[in-house]
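In what follows, a single structure is set out as structure tokens and then discussed.
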Amino acid sequence: GDSCILTVSCLLGDCSYQARGVVETDLACVVVARSVFLQLVEQSPEFRAYIFRFFGERVAHLMELIEAVAFRKLDQRLAQLLLKNGPAIEVTHQGLADELGSVREVVSRILEDFRAQDIVRLDRGQIYVLNRPALEKLAHPG
């Protein structure tokens, strides 16, 4: 139910970008020729509104990520993410790293620290929040 921001950008900008997609589950997709895409943008107010809303949402998300990476510590951002998605989260360390704009090794090190403090329990592909008040303190220091 989503679109590829790079594909849409290239269709609008008449440029190419080498990309590769990897899917983890079955996928159904629609491929639209550039000429049809541009015709829809020009002639369909609904389609045009969808494209601009899509871009707006993606740019806002990107700005939030840039702000978080630039101004908040990773352990604070990870704690906030766990609080938002807990108390039982089905996710890999790599999935968390991708969402936080970091690398798996750093996320794993922070999670291990949280585990050593009995804040979370780590299982394969699962994270359980054990001590929400301690996690809240990490998420919102001061």
Pairs under 3.5 angstrom only: tabulate donor-acceptor contacts from the side chains of residues 100-109 to other protein residues two or more places apart or in another chain.
unit_1: S108; atom_1: OG; unit_2: H93; atom_2: ND1; d: 2.6
unit_1: S108; atom_1: OG; unit_2: R104; atom_2: O; d: 3.0

Minimum heavy-atom distance L82-V129, with the two atoms named: O-CG2, 4.1 Å

Members besides V31 in its Ile/Leu/Val/Met/Phe/Trp/Tyr cluster (side-chain heavy atoms under 4.5 Å): none

Before you tell me yes or no, could you show the steps for V41 and L11 under side-chain contact (heavy atoms from CB on, under 4.5 Å), namely the whole-Å CA-CA distance, both residues' side-chain angles and the distance that decides it to 0.1 Å? CA-CA 11 Å; V41 169; L11 286 168; over 6 Å; no

Residues which pass salt bridge (charged side-chain N to carboxylate O under 4.0 Å, His left out) with R48, listed by chain and number, not counting sequence neighbours: none

Report the residues that fulfil ring pair (Phe, Tyr, Trp, His ring centres under 6.0 Å) with F47, sequence neighbours left out, ordered by chain and then residue number. F37

All side chain to side chain donor-acceptor pair (under 3.5 Å) counterparts of [X], not counting sequence neighbours:
{"X": "D123", "answer": "R121"}
{"X": "E99", "answer": "none"}
{"X": "R115", "answer": "E112"}
{"X": "N131", "answer": "none"}

Quick note, side-chain hydrogen bond (donor to acceptor under 3.5 Å, both in side chains) partners involving residues 52-62, not counting sequence neighbours, are D2-R58

Per the side-chain hydrogen bond (donor to acceptor under 3.5 Å, both in side chains) rule, what does the pair list look like for residues 132-142, sequence neighbours excluded? R132-E136

Could you give the distance from [atom1] ([X]) to [atom2] ([Y]), rounded to the nearest 0.5 Å?
{"X": "Q117", "Y": "L130", "atom1": "CD", "atom2": "CG", "answer": "12.0 Å"}
{"X": "L83", "Y": "L135", "atom1": "CG", "atom2": "CG", "answer": "4.0 Å"}
{"X": "S9", "Y": "D14", "atom1": "OG", "atom2": "CG", "answer": "13.0 Å"}

Residues pairing under ring-ring contact (aromatic ring centres under 6.0 Å, His included) where one sits in residues 98-139, two or more places apart or in two chains, turn out to be none

Once side chain to side chain contact (heavy atoms under 4.5 Å, CB included) is applied, do any residues pair with N85, and if so which ones, sequence neighbours excluded? L81, I89

Check whether L38 and V30 end up in the same hydrophobic cluster, where Ile, Leu, Val, Met, Phe, Trp and Tyr are linked by side-chain heavy atoms less than 4.5 Å apart. yes

With heavy-atom distances below 4.5 Å as the criterion, would you say the side chains of L12 and I51 are in contact? yes

Less than 4.5 Å apart, any side-chain heavy atom of L122 and any of I127? yes

Does F52, at its CZ atom, have more than 12 non-hydrogen atoms belonging to other residues, nucleotides or ligands within less than 6.0 Å? no

E90 (side chain) donor-acceptor with Q126 (main chain) under 3.5 angstrom: no

